[in-house]
Amino acid sequence: MWRYALRRLLQAVPVFIGTTLLIYAMVFALPGDPIQALAGDKPVPENVLQTLRERYNLNDPLLVQYGKYMWGLVRGDLGENYTGQSVSEMLGGRWTVTALLALTAWIFELVVGIALGTWAGLRRGKLADTLVLGGTTLVIAVPVFVLGYTAQLLFGLHWKLLPTAGTDDGWPMSYILPGIVLGSLGLSYVARLTRTSLAENLRADYVRTANAKGLSRARVVGRHALRNSLIPVVTYLGVDFGNLMGGAIVTEGIFNLPGIGQQVFTSIQLKEGPVVVGAVTVLVLIFLLVNLVVDLLYGVLDPRIRYE
């Protein structure tokens, strides 16, 4: 397994380089002069513009800029924005907020989604199955900002069960409501994947053999059918954790959470390319790491999978 893990890490290197190069090129290809944008409508002396462009390597070719950025990244430096602030310091405190929000949403997807999917899969074609399919379809169809404002109105303002904004109450209280909203779409897909995969595995030959041997229903479902059914679910959950980290902009805005999403959105408006690239680079690293963990979990869930 260790050789497999090392090989997967080495395979992730060109993926990381290609992804960050594409992101870097897209961000710095945006029209407009970021240095001039700092001054707004005020005139700036040409010598000042040239000095700042030289400081931030804006006069260099794109590949040279990217090479200097990667060299700084190897040394743990995400660079500076165009006002001299360290990108690492700007994002430092915000990573905790976004990570806690994504983790809360991910746990919600994992626990509730698998539970609902198992409940529906074991009762395929019955009322429970219909309720799960109908409920998840409704959640998928409703935009996240509608779910967010509705949750705030009902659980925060009307019933006063949970905080509606900010992080003053700490984890988990401040993150439960936005976590549920952020994870609601993923929960729907997890429930559907679990339900479909479990229903198919319950008709497999190895399940019929286990039943013929006289194993209990709980052992057949839990030890055999559900365990094999979780492989596509684990794949989705691994990919979705990265999506939750990067896709929390709307949720953070609704619940006034000072996370990465808010900072990236603000930086795009201000044309602060180093901040956007720095945040997305860390997200790519998280995404690659989570996918490696998912690959290693395959062998735990299904003994038929071997790492040669």
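Residue numbers run from 1 in the order of the sequence given.
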Each residue besides Val239 in its hydrophobic cluster should be listed here, by chain and number; the cluster joins Ile, Leu, Val, Met, Phe, Trp and Tyr at side-chain heavy-atom distances under 4.5 Å. Phe287
Could you check if a side-chain atom of Gln65 sits within less than 4.5 angstrom of a side-chain atom of Leu58, using non-hydrogen atoms only? yes
Among side-chain atoms of Tyr206 and Asn201, is any donor-acceptor pair under 3.5 angstrom? yes
Is it the case that Gln263 and Ser267 place a side-chain donor and acceptor less than 3.5 Å from each other? yes
For the CG atom of Leu63 and the NZ atom of Lys68, what is their distance to the nearest 0.5 Å? 12.5 Å
Under 3.5 Å, which donor-acceptor pairs do the side chains of residues 149-159 form with other protein atoms, sequence neighbours left out?
from	atom 1	to	atom 2	distance (Å)
Thr150	OG1	Val146	O	2.7
Gln152	NE2	Thr164	O	2.8
Gln152	NE2	Ile254	O	3.1

Applying side chain to side chain contact (heavy atoms under 4.5 Å, CB included), name anything that partners Thr51, two or more places apart in sequence or on another chain. none
Interatomic spacing from CG in Leu91 to OG1 in Thr96 - rounded to 0.5 Å: 11.0 Å
Any side-chain heavy-atom pair from Ser197 and Val233 closer than 4.5 angstrom? no
Decide yes or no for Thr281 and Thr19: does some side-chain heavy atom of the first lie under 4.5 Å from some side-chain heavy atom of the second? no
Can you name the residues that form a salt bridge (Lys or Arg N to Asp or Glu O under 4.0 Å) with Asp205, not counting sequence neighbours? Arg208
How would you list all residue pairs meeting ring pair (Phe, Tyr, Trp, His ring centres under 6.0 Å) that involve residues 41-86, not counting sequence neighbours? Tyr24-Tyr66, Tyr24-Tyr69, Tyr56-Tyr82
Quick one: salt bridge (Lys or Arg N to Asp or Glu O under 4.0 Å) pairs with a partner in residues 112-136, sequence neighbours left out? Asp129-Arg195
Shortest non-hydrogen contact from Ile260 toward Ala279: CG2-CB, 4.1 Å
Sidechain-backbone polar pair: Glu252 side chain, Gly261 backbone, donor-acceptor under 3.5 Å: yes
Looking at side-chain heavy atoms only, is the closest gap between Asn59 and Gln50 below 4.5 Å? yes
Worked verdict on Val282 versus Leu78 for side-chain contact (heavy atoms from CB on, under 4.5 Å): CA-CA 9 Å; Val282 178; Leu78 292 175; 4.2 Å; yes
Excluding sequence neighbours, so at least two apart, what forms salt bridge (Lys or Arg N to Asp or Glu O under 4.0 Å) with Asp169? none
Are the side chains of Trp95 and Met245 in contact, using a 4.5 Å heavy-atom criterion? yes
Given 3.5 Å as the limit, does a donor-acceptor pair link the side chain of Ser229 with the main chain of Thr194, or not? no
Can you list, by chain and residue number, the hydrophobic cluster partners of Leu22 when the side-chain cut-off is 4.5 Å? Met26
Can you tell me how far CG of Asn211 sits from CZ of Arg219, rounded to the nearest 0.5 angstrom? 12.5 Å
Atom pairs and distances, donor-acceptor, side-chain atoms in residues 102-115, under 3.5 Å, two or more places apart:
from	atom 1	to	atom 2	distance (Å)
Thr104	OG1	Leu100	O	2.7
Thr104	OG1	Trp171	NE1	2.8
Trp106	NE1	Leu237	O	3.0

Is there a donor-acceptor pair under 3.5 Å between the side chain of Thr20 and the backbone N or O of Ile17? yes
Do any N or O atoms from the side chain of Thr136 and from the backbone of Leu133 form a donor-acceptor pair under 3.5 angstrom? yes
Linking Ile, Leu, Val, Met, Phe, Trp and Tyr through side-chain heavy atoms less than 4.5 Å apart, which residues share a cluster with Leu289? none
Can you pull out every salt bridge (Lys or Arg N to Asp or Glu O under 4.0 Å) where at least one residue sits in residues 70-84? Sequence neighbours excluded, please. Arg55-Glu80
Thr167: partners by side-chain hydrogen bond (donor to acceptor under 3.5 Å, both in side chains), with sequence neighbours left out: none
CG of Asn228 to CD of Glu200: how many Å apart, nearest 0.5 Å? 12.5 Å
Answer whether the closest heavy-atom distance between the side chains of Leu185 and Val144 falls below 4.5 Å. no
Working for side-chain contact (heavy atoms from CB on, under 4.5 Å), residues Leu101 and Val97: CA-CA 6 Å; Leu101 175 60; Val97 175; 5.5 Å; no
Rounded to the nearest 0.5 Å, what's the gap from CD on Gln262 to CG on Leu257? Could you check? 7.0 Å
Considering only heavy atoms from C-beta outward, does the side chain of Val190 approach that of Leu187 to under 4.5 Å? no
Does any part of the side chain of Ile268, heavy atoms only, come nearer than 4.5 Å to the side chain of Val264, both counted from C-beta? yes
